[in-house]
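Structure first, commentary second.
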Amino acid sequence: VDVPFQEYVEQLLKPQDLAQLGSDTLYFFGDNNFTEWGSLFQQYVPPPFRIPGTSPAYSFGIAAPPPFHVFQRWFLYPPDHTPHFHPNETTLAWLHHTYPTLPRAQRPLECTLRPGEVLYFPDRWWHATLNLDTSVFISTFLG
């Protein structure tokens with residue numbers, strides 16, 4: 001459903017809605033519309049990193065927790081190692097079905113982000129996230 005983000009947050013996102021999300025994450029990949037998103041951008045302090053001659057792009061997301069509870073877990077592979085995954089499978093399904101079958105040498109790099117922490121990884125790195133708690137986030141793309 002296409003609705004303004006503010007309306008989504010104020011009208012549609014209620015505690016019972018979060019419980020129904022399960023392990024889904026709702027994303028908005030923005031076009032840097034500083035008019036529609038003005039109040040959000042006024043409160044967001046982007047990272048101090050810049051690539052000369054480019055403007056950052058942003059994406060926003062809201063995620064509900066899956067059945068267990070920690071924070072956000074990241075799985076990363078370098079560009080030269082294409083991970084085995086099904087494009088229609090969730091990260092949680094991949095973690096339960098594929099991950100346990102991977103030999104240790106073929107497992108991804110992993111970390112868990114906690115509130116207030118930031119993760120930087122270079123362009124073209126494969127990545128997947130698993131939201132382990134209710135979260136609202138903004139991603140900044142520097143290229």
Side-chain angles (χ1 to χ4, degrees), residues 1-34 36-37 39-41 43-143:
V1 175
D2 247 353
V3 297
F5 186 70
Q6 185 169 348
E7 179 183 333
Y8 174 77
V9 171
E10 292 174 353
Q11 305 288 326
L12 302 175
L13 189 61
K14 298 177 178 71
Q16 67 271 17
D17 296 333
L18 280 176
Q20 292 171 358
L21 281 176
S23 61
D24 291 341
T25 300
L26 304 175
Y27 287 102
F28 172 81
F29 290 95
D31 59 0
N32 294 344
N33 183 332
F34 291 95
E36 181 179 355
W37 302 98
S39 61
L40 179 64
F41 284 122
Q43 296 180 44
Y44 177 63
V45 178
F49 313 107
R50 295 277 185 250
I51 297 175
T54 66
S55 296
Y58 303 100
S59 70
F60 311 91
I62 297 174
F68 49 96
H69 218 83
V70 181
F71 295 103
Q72 187 179 51
R73 187 170 171 187
W74 283 74
F75 305 92
L76 300 144
Y77 282 107
D80 61 347
H81 185 127
T82 303
H84 175 73
F85 69 97
H86 188 284
N88 294 328
E89 186 176 62
T90 66
T91 303
L92 186 59
W94 174 85
L95 184 64
H96 286 298
H97 303 133
T98 304
Y99 184 90
T101 68
L102 296 173
R104 194 169 285 286
Q106 292 181 13
R107 290 191 175 173
L109 299 171
E110 299 178 44
C111 67
T112 300
L113 286 186
R114 289 170 173 69
E117 294 181 330
V118 174
L119 174 66
Y120 168 83
F121 54 91
D123 189 28
R124 296 189 176 97
W125 273 62
W126 294 94
H127 60 280
T129 60
L130 182 62
N131 294 298
L132 304 175
D133 202 350
T134 302
S135 60
V136 175
F137 58 88
I138 184 168
S139 298
T140 304
F141 298 89
L142 300 175

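Values below: all heavy atoms of this structure, side chains included; hydrogens, waters and symmetry mates excluded. As the structure is a prediction and not an experimental result, all values here were calculated from the model.
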Looking at side-chain heavy atoms only, is the closest gap between Trp125 and Leu109 below 4.5 Å? yes
If we ignore hydrogens and angles and just use 3.5 Å, is the side chain of Gln106 paired with the main-chain N or O of Pro103 as donor and acceptor? no
For Trp94 and Leu130, run side-chain contact (heavy atoms from CB on, under 4.5 Å): C-alpha distance rounded to whole Å, both residues' side-chain angles, the deciding distance at 0.1 Å, then the answer. CA-CA 10 Å; Trp94 174 85; Leu130 182 62; over 6 Å; no
Taking the side chain as C-beta and beyond, is there a heavy-atom pair between Thr112 and Glu117 under 4.5 Å? no
Pairwise distance CG(Leu76) to CG(Leu119) - rounded to 0.5 angstrom: 6.0 Å
Start with the C-alpha gap between His127 and Phe75, add the side-chain angles, then the distance that decides, and say whether side-chain contact (heavy atoms from CB on, under 4.5 Å) holds. CA-CA 6 Å; His127 60 280; Phe75 305 92; over 6 Å; no
CZ of Arg107 to OG1 of Thr101: how many Å apart, nearest 0.5 Å? 8.5 Å
Worked check of side-chain contact (heavy atoms from CB on, under 4.5 Å) between Leu113 and Trp74: CA-CA 8 Å; Leu113 286 186; Trp74 283 74; 3.3 Å; yes
Does Tyr77 offer a backbone N or O that forms a donor-acceptor pair with the side chain of His81 under 3.5 Å? no
His97 vs Glu89 side-chain heavy atoms within contact, under 4.5 Å: yes
Trp126 side, atom CH2; Thr82 side, atom OG1 - distance, nearest 0.5 Å: 5.0 Å
Do Thr91 side-chain atoms and Thr129 backbone N/O form a donor-acceptor pair below 3.5 Å? yes
Looking at Pro108 and Leu102, what are the two nearest heavy atoms and their distance? CD-CD1, 4.4 Å
Tell me yes or no: between the side chains of Tyr99 and Glu110, is some donor less than 3.5 Å from an acceptor? yes
If every non-hydrogen atom of Thr54 is compared with every non-hydrogen atom of Ile51, which pair is closest and at what distance? OG1-O, 2.7 Å
